[in-house]
Number of protein chains: 2
Amino acid sequence: MPRKVTLADVSRAAEVGVATVSRALGDHPDVSEATRQRVRAVARSLGYRPSATARALRTGEYRAISVIVPDAGWGWWEPVVRAAFKAAAEVGYYLMAHPVAGTKGGAAAIVEALANVPTDGVIVIGVPDQDGVREACDRIALPAIAIDDTSRTVRFPTISAQNREGARLAVEHLISLGRRSIALLRPNIGVETDNWGDGLFIDHRTLGYRDALDSAGIAFDESLIIDCTDPFNETRKHWRELEAELSTGVRIDAMFCAADTMAAAALRTLRAHGLKVPEDVSIVGFDDERAAILVDPQLTTIRQPYEEMGCYAVELLLRKIQGEHVDIRRYEFVTELVRRSSTDEPERLAKPEAQRNDPKPVGVQQA
Amino acid sequence: MPRKVTLADVSRAAEVGVATVSRALGDHPDVSEATRQRVRAVARSLGYRPSATARALRTGEYRAISVIVPDAGWGWWEPVVRAAFKAAAEVGYYLMAHPVAGTKGGAAAIVEALANVPTDGVIVIGVPDQDGVREACDRIALPAIAIDDTSRTVRFPTISAQNREGARLAVEHLISLGRRSIALLRPNIGVETDNWGDGLFIDHRTLGYRDALDSAGIAFDESLIIDCTDPFNETRKHWRELEAELSTGVRIDAMFCAADTMAAAALRTLRAHGLKVPEDVSIVGFDDERAAILVDPQLTTIRQPYEEMGCYAVELLLRKIQGEHVDIRRYEFVTELVRRSSTDEPERLAKPEAQRNDPKPVGVQQA
DNA sequence: TTGTAAGCGTTATCAG
DNA sequence: CTGATAACGCTTACAA
């Protein structure tokens, strides 16, 4: 391992002062073009790399930001992080990812540990306990942005998707297919799964479901709401609650599945009850997450613009770091319907099912 | 934002020298218990946080390591990173994740950029081009470990799973079920997908497939090997090559799917051809990746011990950082069979299929 | 046991 | 335009 080349080395080799080297390598105006060229050449030939540490110590900024990545929920945040990474890199910041990974104390504890990490700010993803994290951030004076739709109390600029409007899109699509008995499969947020906080997004998606029914003049039927226990455990084969519902003999012709990750088990349960998707039951999910394309049939779903959300988080965070004021409120992103096989038109398919309305065309986007 | 509290502040408040404060806060022996207590109390009350930067500048080590996370292949590396993060944290290191995320120049370029990042070493995951990365690491004198089974040339200590032995396990399991016409569904590594390098792991898994056939005295049938184009694109609904194969009228009663991520489309294709899994065709995958539990039926597969691999990578890297010698060779981890529904015993199922041998019991592990 | 002081590699502020 | 030089906050000889 060759010893590290420092500014002093370059300065000696180029026969100029260290200050000049620093200026030449940076974008300072007060250097003659000739010296700049020469210094740069020497620096390159010596294999000089600036020490980020020394620079950070001097300037007080690390040009690095952190993102705290949640423990549960199977990696929907991955595209968010990739996008954030890219956005940060574009403005010369690098991004560190800190998985929660079962850490005791959750995100707040991680922020606490960030005290020792050279970082200028943090993006917290999926944080139901914004109060705790906020306190930790204040204590170490660390700017923060949240990407989250679980917490009712917003103590950071918080980015999320329009859950209510998205859910409405989903259910309107089902209605446009002529479906009328539309079940809502929801995660049942119990005390044990506190990773999902107040379950705000579930409430909102439920409201969107009702919005769509109301607009179409379809009566809301409480019994069509199915809350599933242990909802984000993907090793589950079936949803007991859905099984119970189907066993009562209720007929459903569509299902809005409030999270894509629940779709795999839902499809298995339907199949086990002899129901075909999309012939007998049309399904729309929510998130446009990896699960949506792995299941069979592939899932029509509501896309959350994860990439945009990641980029915007970085943008807001950098503004905060630069001392600009950023409103503490929710920043919501528009969702869109992505059509796949789980809602192929019933009338085009073999099964001659009851079909009362003409499907009205809706403004959907092809996957 | 309160100005940052430094050692000097604490020293003043506690009425001792800075050196004493430093010693008291660290684990130095040469401090009286009384002063230590007092200093710590003062530090806490002032909200003192050490500056990682200053410390790094002084000591020359960051106590941070990086992991370069691949672009393709749908997040199988996630458990690796989580485990590595945890292992690093346990010894007081923190871990930064650097997604490749379409960066031009791939991992090598990322390593290059690491020159400006405060990190003591790097774990590169899934790097077919070890030569390029090696060169970059040398240039900036950065210790590195690879987790990878795609590259034939090993220029780092390289961690991987026992692909050949794992594949053998998979196929032996199929044979123990009485299956004899066992197709091998493989990724076709073309020039366009250079993320998968030499495709070493595919060769090894193929060898394991043949090992199992040989031991059982089953003739190898070239036509049962199916190479799929664009293999890691999960949006694909079907494998054209598998369709072609089935259309020729060849009868297969089992399939070894050389990567779990390919299973979803394979299942759809089989289903489209009227073949039931596991009644008509038993399937075993490889990786025990998220896809294995999302598909229907859930996939019997070969588990790669991702967590152990992540931990071990950290262990080796820290050794290298501490100047210890670590052999540049492959470090292989044992795999295991995880049984799920895709290989439920055919004879217990409805379909009365041809069945010649008693299934021999094998030492498998329940999921 | 404690304090003083010398750096670590930069950048910024001065004079020249 | 350029060169000394003083920080930045910490650890660690060395001295007391």
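A note on names: the letters A, B, ... follow the listed sequences, proteins ahead of strands, and every chain is numbered from 1. FYI, side chains are in, hydrogens and waters are out, and symmetry mates aren't considered; it's all heavy atoms of this structure.
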Donor-acceptor contact present, side-chain Arg38(A) to main-chain Ala14(A), <3.5 Å: yes

salt_bridge(Asp9(B), Arg12(B)) N-O dist < 4.0 Å: yes

Quickly work out the Asp30(B) CG to dA16(D) P distance and round it to whole Å. 18 Å

Return the value, rounded to whole Å, for the distance between atom CG of Asp9(A) and atom P of dC8(C). 11 Å

Value in whole Å for how far the C1' atom of dA7(D) lies from CG of Leu7(A): 15 Å

Whether Arg63(A) side chain and Ala56(A) backbone form a donor-acceptor pair below 3.5 Å: no

So does Ile65(A) get a backbone contact from the side chain of Asp120(A), meaning a donor-acceptor N/O pair under 3.5 Å? no

Under-4.0 Å salt bridge between Lys86(B) and Glu90(B): no

Backbone N or O of Thr119(B) within a donor-acceptor pair of the Ser66(B) side chain at under 3.5 Å? no

Heavy atoms from C-beta onward define the side chain here; which of dG9(C), dT2(C), dG3(D) lies closest to that of Leu57(A)? dG9(C)

When you measure from the side chain of Thr6(A), which nucleotide among dG9(C), dC10(D), dG3(C) comes out closest? dG9(C)

Looking at DNA chain C, which of residues 31-46 of chain A put a heavy atom within less than 4.0 Å of it? none

Can you tell me how far P of dT10(C) sits from CZ of Arg63(A), to the nearest Å? 16 Å

Rounded to the nearest Å, what distance is computed from the CD atom of residue Glu61(A) to the P atom of nucleotide dG9(D)? 15 Å

Would you say Thr53(A) places a side-chain N or O within less than 4.0 Å of OP1 or OP2 belonging to dG9(C)? no

Within the structure, does a side-chain N or O atom of Tyr62(B) lie under 4.0 Å from either OP1 or OP2 of dC8(C)? no

Distance check, rounded to the nearest 0.5 Å: Ile147(B) atom CD1 versus Ile125(B) atom CD1? 4.5 Å

Grab the CZ-P distance between Arg55(A) and dC8(C) for me, whole Å please. 18 Å

Extract from the structure each pairing of a protein N or O with an N or O of nucleotides 12-14 of chain C at less than 3.5 Å, listing the distance.
residue : atom : partner  : partner atom : Å
dA12(C) : O4'  : Arg58(A) : NH2          : 3.3

Going by salt bridge (Lys or Arg N to Asp or Glu O under 4.0 Å), name the residues that satisfy it together with Glu15(A), two or more places apart in sequence or in a different chain. none

Ring-face cation of Arg44(A) near Tyr48(A) (centre distance under 6.0 Å, axis angle within 45°): no

